[in-house]
Novice: 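Can you keep this structure in mind? I'll have questions shortly.
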Amino acid sequence: MTYLGGLHDTQKRAVLATDGPILVLAGAGSGKTRVLTTRVYHLIREGVPAEEILAVTFTNKAAREMRDRVRAMLGNDGPVPFIATFHGLGRELLESYGKVIGVPRYFSIYDRDDSEKAVAVALKALDIGTKELSPRAVLGRISRHKGEGVRASEFAEIHGHSSFGNRVVAEVWQRYEKALQAEKALDFDDLIALPVRLLEEHDDIHARAQSRWRYIHIDEYQDTNELQERLAGLLAEKHRNLFVVGDGDQSIYGWRGAKMENILNFEKKYPEAQTIILERNYRSTKNLVDAANAVIEKNKNRKEKYSTTEKAPGEPIVVYIAHSAEDEARWIAHRIKSQMSEGQKPEEIAVLFRTNFQSRALEEGLLRAGVPYRLLGTRFFARREVKDALAWMRLALDSSREADKMRAASSPPRGLGKVTLGKLVAGRRGELRTGELAKVEAFERIISELAGAAETLIPSAFVKLVVEKSGMRRALVDEGNADDRERFENIEELASVAVRHDHIPGKEGIAAFLAEAALASDQDELDRPQGGGVTLMTVHAAKGLEFNTVFVSGMEEGLFPHQGMGLPAQAGSGDDRDEEEERRLFYVAMTRAKERLILTLARVRKIYGSDSITAPSSFLADINSSLLAFDESGGDRIIEV
């Protein structure tokens, strides 16, 4: 078994443990992806058909990496198992079996922007302003309850007559569900909730799904919510070959419904389970591993585990105290330029921050210093021109979608105003004047031609046809300005992304591409060739990534660990966060670094326009002072830690 070469004994044990429930506790940098992919390959070598193996993870980037590794190990020898995100798995189940619960074959998927807009429309219909209740907050409530398996009707029955906020959520939720149904659309949460309902309520489909996948692998198990854990259990119920990998110390998504208890209680649910602990860190230097251990061992609600490494001690962790957020950003930019002059590539450097508002000063500091960077958070698929092209593509699969029709009709403009489109959507075609009717019919002919072409074209060719037929090329290139031409380059990139699905011609491939677009995450931006440079992102977005050098900014009490600080509400910064999850978040930040970790803070930070005096983060006191080095280049000698 040459493919086991290079694995240490514990990793080999995990790979060779093929039957029954298995829990692998994998510390940061312990090679869990290699273990997962090698185990999948081992099963195939042992005679398990690839079609009977399932592997599930949380991001498209991780799924692609896993798929590519397995494909490389297999060479050209047979098919690759089904490897996808949880949402990709849900989509597959609904496309295969969803008809019995009324899910259309070519459903569209609302991304978070689409969902927020639909919720905003519902709030407006109820005459509730966004200052009273923000669409994001209401959608967050809906999403959390969906993740717990609650339906809109059930929520309304329980909370429809309680507090004002609950009554509004109940009414908005029901209106939101009607909007989804009208557009033949599902949202992210439906992609998990509906498959669970499908398997729980239809024994025949449950049996087919269990027979389809006999060996099931779940990555990042600590991040599963209630429904995802139920879905995994339903699929593994018959054969019980459930292989889960995760690290409770990296559980950082409690605010969006993840239940760390799923990994902590795995052995209770599966008493016959084997537990294997991967403690050797292959990523970071000894100083970094020791510091991370010192931080995370303060948590009480965890499985005991202590990371080790055979790497050299490496550099100490640098701590810099700035006068202000602007001074902090200037110093970080100067330090990055210095490292770049020594040969470090900017793509090997990340600047992490706890909350989004911190990015403004950091961006300005890098811009002034001429340091190239990319800010994760502005997703490619969320750009206006890209969403315009996707609307045209969805119409080719199903011309009845009203929201897509309204968007495509004005992208580019073709003389169809809101009043005309409103009459068309409302079924009042007879009220259209002759000129309006001619424009509508020309628009519909384009959709009809695209629908015909969608039957046979590969996805990348179809994107190019959409751009031509819709008039987007003419509007953005032939008649547009420099900004328009830059927008067109994004559409050209869309065709490049679609190539990934060219092995599936026709509507099936186009639907698969549209699903990828809807389910893309911030991390997918790292795979795009343009716009390279230093990566700026929240610590939450950095989960699963690694860099040679990592800066963690804003190491101040109240900011990291986060305690509200009167900041605007946003994902991942709610006041209900517990201290242990904040500590796990800092642990994740520290363990992204391979060689160099730099922690910065500001004595004064402007919050809501007012200067606030800060105190150093209590997390700094958890690290042995022998592992720290204070940079005094700013002339501001620090603190006691």
Novice: For Glu267, enumerate each residue passing the side chain to side chain contact (heavy atoms under 4.5 Å, CB included) test, keeping only those at least two apart in sequence or located in another chain.
Specialist: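 Residues passing side chain to side chain contact (heavy atoms under 4.5 Å, CB included) with Glu267: Leu23, Thr275, Lys303.
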Novice: Enumerate the salt bridge (Lys or Arg N to Asp or Glu O under 4.0 Å) contacts for residues 337-346, please, sequence neighbours excluded, ordered by first and then second residue.
Specialist: none
Novice: Do NZ/NE/NH1/NH2 and the carboxylate oxygens of Glu364 and Arg360 come within less than 4.0 Å?
Specialist: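 A salt bridge is present here (some side-chain N lies under 4.0 Å from a carboxylate O).
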Novice: Under a 3.5 Å threshold, yes or no: a donor from one side chain and an acceptor from the other, between Asn281 and Ser307?
Specialist: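 Result is no, nothing qualifies.
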Novice: With Arg167 as the cation and Phe164 as the aromatic partner, state whether NZ or CZ is under 6.0 Å from the six-membered ring centre and within 45° of the axis.
Specialist: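 Negative - Arg167 is either too far from the ring of Phe164 or too far off its axis.
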Novice: Going by the angle between their ring planes, with limits at 30° and 60°, are Phe586 and Phe560 parallel, tilted or perpendicular?
Specialist: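 The rings of Phe586 and Phe560 stand perpendicular, inter-plane angle above 60°.
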Novice: Is Glu546 salt-bridged to Arg592, cutoff N-O under 4.0 Å?
Specialist: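 Salt bridge between Glu546 and Arg592, a charged N being under 4.0 Å from a carboxylate O: no.
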Novice: Would the distance check show the side chain of Glu348 and the main-chain N or O of Asn548 forming a donor-acceptor pair, the cut-off being under 3.5 Å?
Specialist: no
Novice: Kindly give the heavy-atom pair with the smallest separation between Ala28 and Thr591, and that separation in Å.
Specialist: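 Of all heavy-atom pairs spanning Ala28 and Thr591, the closest is CB-CB, 3.6 Å.
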Novice: Name all residues meeting the salt bridge (Lys or Arg N to Asp or Glu O under 4.0 Å) criterion together with Glu328; count only those two or more places apart in sequence or in a different chain, and write none if there are none.
Specialist: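 For Glu328, the residues satisfying salt bridge (Lys or Arg N to Asp or Glu O under 4.0 Å) (neighbours in sequence not counted) are Arg605.
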Novice: If the condition is side-chain hydrogen bond (donor to acceptor under 3.5 Å, both in side chains), which residues does Asn624 pass it with, not counting sequence neighbours?
Specialist: Ser626
Novice: Using the side chain to side chain contact (heavy atoms under 4.5 Å, CB included) criterion, which residues pair with Lys117? Sequence neighbours excluded.
Specialist: Arg407
Novice: Could you tell me which residues satisfy side chain to side chain contact (heavy atoms under 4.5 Å, CB included) with Thr549, sequence neighbours excluded, listed by chain and number?
Specialist: Gln339, Gln344, Ile349, Phe551, Arg596, Ile598
Novice: Is there a donor-acceptor contact under 3.5 Å linking the side chains of Asn225 and Arg144?
Specialist: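 Side-chain D/A pair, Asn225 to Arg144: absent.
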Novice: Do we see a donor-acceptor contact under 3.5 Å between the side chains of Gln250 and Tyr587?
Specialist: no
Novice: Charged N to carboxylate O below 4.0 Å: is that the case for Glu116 and Arg136?
Specialist: yes
Novice: Check whether Thr614 reaches the backbone of Arg603 with its side chain - one donor and one acceptor, N or O, closer than 3.5 Å.
Specialist: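 Yes, because the side chain of Thr614 sits within donor-acceptor range (under 3.5 Å) of the backbone of Arg603.
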Novice: I'd like to check the salt bridge (Lys or Arg N to Asp or Glu O under 4.0 Å) partners of Arg583; sequence neighbours left out, ordered by chain and number.
Specialist: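 Salt bridge (Lys or Arg N to Asp or Glu O under 4.0 Å) list for Arg583, sorted by chain: Glu579, Asp622.
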Novice: Please identify each residue that fulfils side chain to side chain contact (heavy atoms under 4.5 Å, CB included) with His8, with sequence neighbours left out.
Specialist: Thr10, Gln11, Leu278, Arg280, Tyr282
Novice: Minimum heavy-atom separation for Tyr176 to Lys146, with atom names?
Specialist: CE2-NZ, 4.2 Å
Novice: What is the ring orientation for Phe188 with His87, classed by angle as parallel under 30°, tilted 30 to 60°, or perpendicular over 60°?
Specialist: tilted
Novice: Have Ser115 and Asp187 got a donor and an acceptor in their side chains that come within less than 3.5 Å?
Specialist: no
Novice: Excluding sequence neighbours, so at least two apart, what forms salt bridge (Lys or Arg N to Asp or Glu O under 4.0 Å) with Arg91?
Specialist: Glu95
Novice: Side chains of Leu597 and Met590: does their closest heavy-atom pair fall under 4.5 Å?
Specialist: yes
Novice: Looking at residues at least two apart in the chain, or sitting in another chain, which of them share a ring-ring contact (aromatic ring centres under 6.0 Å, His included) with Phe353?
Specialist: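 In terms of ring-ring contact (aromatic ring centres under 6.0 Å, His included), with neighbours along the sequence ignored, Phe353 is linked to no residue.
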Novice: Applying side-chain hydrogen bond (donor to acceptor under 3.5 Å, both in side chains), name anything that partners Arg302, two or more places apart in sequence or on another chain.
Specialist: Asp249
Novice: Does any donor atom in the side chain of His540 or Trp255 lie under 3.5 Å from an acceptor atom in the other side chain?
Specialist: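 The criterion, which ignores hydrogens and geometry beyond distance, is satisfied for Trp255 and His540.
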Novice: My understanding is that only residues two or more places apart in sequence, or in another chain, count here; which of them pass ring-ring contact (aromatic ring centres under 6.0 Å, His included) with Phe155?
Specialist: His145, His159, Trp173
